[in-house]
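The structure appears right after this line, and notes come after that.
Proteins get letters first, then strands, A, B, ... in listed order; numbering begins at 1 in each.
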Amino acid sequence: MELLVSGTTIVTIVVACVMALYWLNIFIILYHLIRFGVGTRPKQSAFIFFAGSFVLFLFLMLSTLPIIYYN
Amino acid sequence: MAFNVSIFSHSKYSFEGKREHEEVEIFLYSHWIIMALKVLFYAILAFLPLIPLLIFAQTLINFEVIIYVPFFLLFYYMMLWSLFFYEVMIYLLDTWIVTNERILDIVQKNFFYRTVSELDLTRVQDITVNTGGFIQTIFDFGDVEIQSAGAQNKFRFRQVPHPNMVKDRIMKLVTEAKKDIVQP
């Protein structure tokens, strides 16, 4: 019972929900660019967007390591 | 059967509903300057958090909260990246396609609001070009309005590059399309 209401758990759940919404947003943008885009430019943009999103997400996850270690 | 899956090579413009013998004659996005202004806006937003960070760096170190800064900074950049590419998506999906048979006006207003309007070339009555202001004149972009025969609203190509060339090309296509009707 104590574990369920701890601050760390709540923060983790909130961050996980935000990340899920973030990836949902990425999926929707990629879907629109690939499905409705005409020519190569939308597809190139989709590739750049996905690559950048993934790299930023990776760095974000890495940035949590010092926080976890410090706490 | 060989097929090219590279997204970096040139490909013919294929769109949903394209007919078998239809050829794309004109394919337009809004002028690049529209996107350039948005890029500038997002670049400013990207540099914005660095200013207070530099000013209060020592304070953050003293209070031992500097380890949280990369997390929040990266989170901010992730959201900014998503917002920017939402704008890119709207820009790239707002297109005008003129084929040898019809004109298509595709408008993407937001994620789930998309309008596709179609006008047969033989129904085009007149075309008007509007270029207003210093920026539009210098960079040669403006609106092209196409009036159809009938109760349909005008088709408007908004802030497209080289509007006069577009107008001339469409008029030529309309003449050819109407000639085909008279002399099939």
Side-chain angles (χ1 to χ4, degrees), chain A residues 2-71, chain B residues 4-18 24 26-29 32 35 46 64-97 99 104 106-116:
Chain A
E2 202 176 293
L3 195 65
L4 282 172
V5 298
S6 75
T8 311
T9 311
I10 292 168
V11 168
T12 308
I13 290 168
V14 167
V15 170
C17 288
V18 170
M19 289 299 111
L21 285 170
Y22 173 70
W23 281 103
L24 179 66
N25 178 60
I26 289 170
F27 169 74
I28 292 171
I29 291 175
L30 287 176
Y31 175 82
H32 277 76
L33 282 171
I34 292 167
R35 167 86 166 76
F36 298 115
V38 180
T40 56
R41 210 188 290 189
K43 280 78 172 176
Q44 290 165 358
S45 301
F47 176 76
I48 293 165
F49 173 59
F50 179 72
S53 300
F54 183 76
V55 165
L56 281 169
F57 179 74
L58 198 64
F59 283 143
L60 185 79
M61 292 296 109
L62 290 171
S63 72
T64 61
L65 293 176
I67 298 169
I68 295 165
Y69 179 75
Y70 185 74
N71 288 323
Chain B
N4 187 359
V5 297
S6 172
I7 60 169
F8 298 105
S9 61
H10 178 74
S11 67
K12 287 184 182 174
Y13 292 115
S14 174
F15 56 90
E16 194 176 352
K18 185 170 176 283
V24 174
I26 305 170
F27 180 80
L28 293 168
Y29 296 116
W32 61 265
M35 203 58 222
E64 294 177 356
V65 291
I66 197 79
I67 56 165
Y68 297 101
V69 169
F71 178 81
F72 285 107
L73 206 57
L74 282 163
F75 184 79
Y76 173 77
Y77 284 133
M78 270 172 58
M79 297 300 120
L80 209 63
W81 182 255
S82 290
L83 282 171
F84 174 66
F85 270 90
Y86 171 78
E87 300 277 6
V88 169
M89 182 197 78
I90 297 295
Y91 173 80
L92 289 175
L93 297 186
D94 249 6
T95 55
W96 296 274
I97 304 171
T99 72
L104 288 138
I106 303 169
V107 178
Q108 186 85 31
K109 290 194 176 164
N110 54 46
F111 272 144
F112 304 110
Y113 192 172
R114 179 179 170 83
T115 311
V116 180

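Listed by chain and number, the residues in a side chain to side chain donor-acceptor pair (under 3.5 Å) with A:N25 are B:S82 (sequence neighbours excluded).
Only the side chain of A:Y22 comes within contact range of chain B, with heavy atoms under 4.5 Å apart. Interface remark: B:Y29 contributes side-chain atoms only to the contact with chain A (heavy atom separation under 4.5 Å). Neither the backbone nor the side chain of A:L62 comes within less than 4.5 Å of any heavy atom of chain B.
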Candidate pair B:Q108 and A:H32, rule side-chain contact (heavy atoms from CB on, under 4.5 Å), full reasoning: CA-CA 10 Å; B:Q108 186 85 31; A:H32 277 76; 3.5 Å; yes
CA sep, side-chain torsions, deciding dist, call: A:T9, A:S6, side chain to side chain donor-acceptor pair (under 3.5 Å): CA-CA 5 Å; A:T9 311; A:S6 75; 2.6 Å; yes
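Taking chain A as the reference chain and counting heavy-atom pairs below 4.5 Å, the highest number among B:F71, B:W81, B:F84, B:F112 is found for B:W81.
Taking the ring centroids of A:F57 and A:W23, they lie under the 6.0 Å cut-off.
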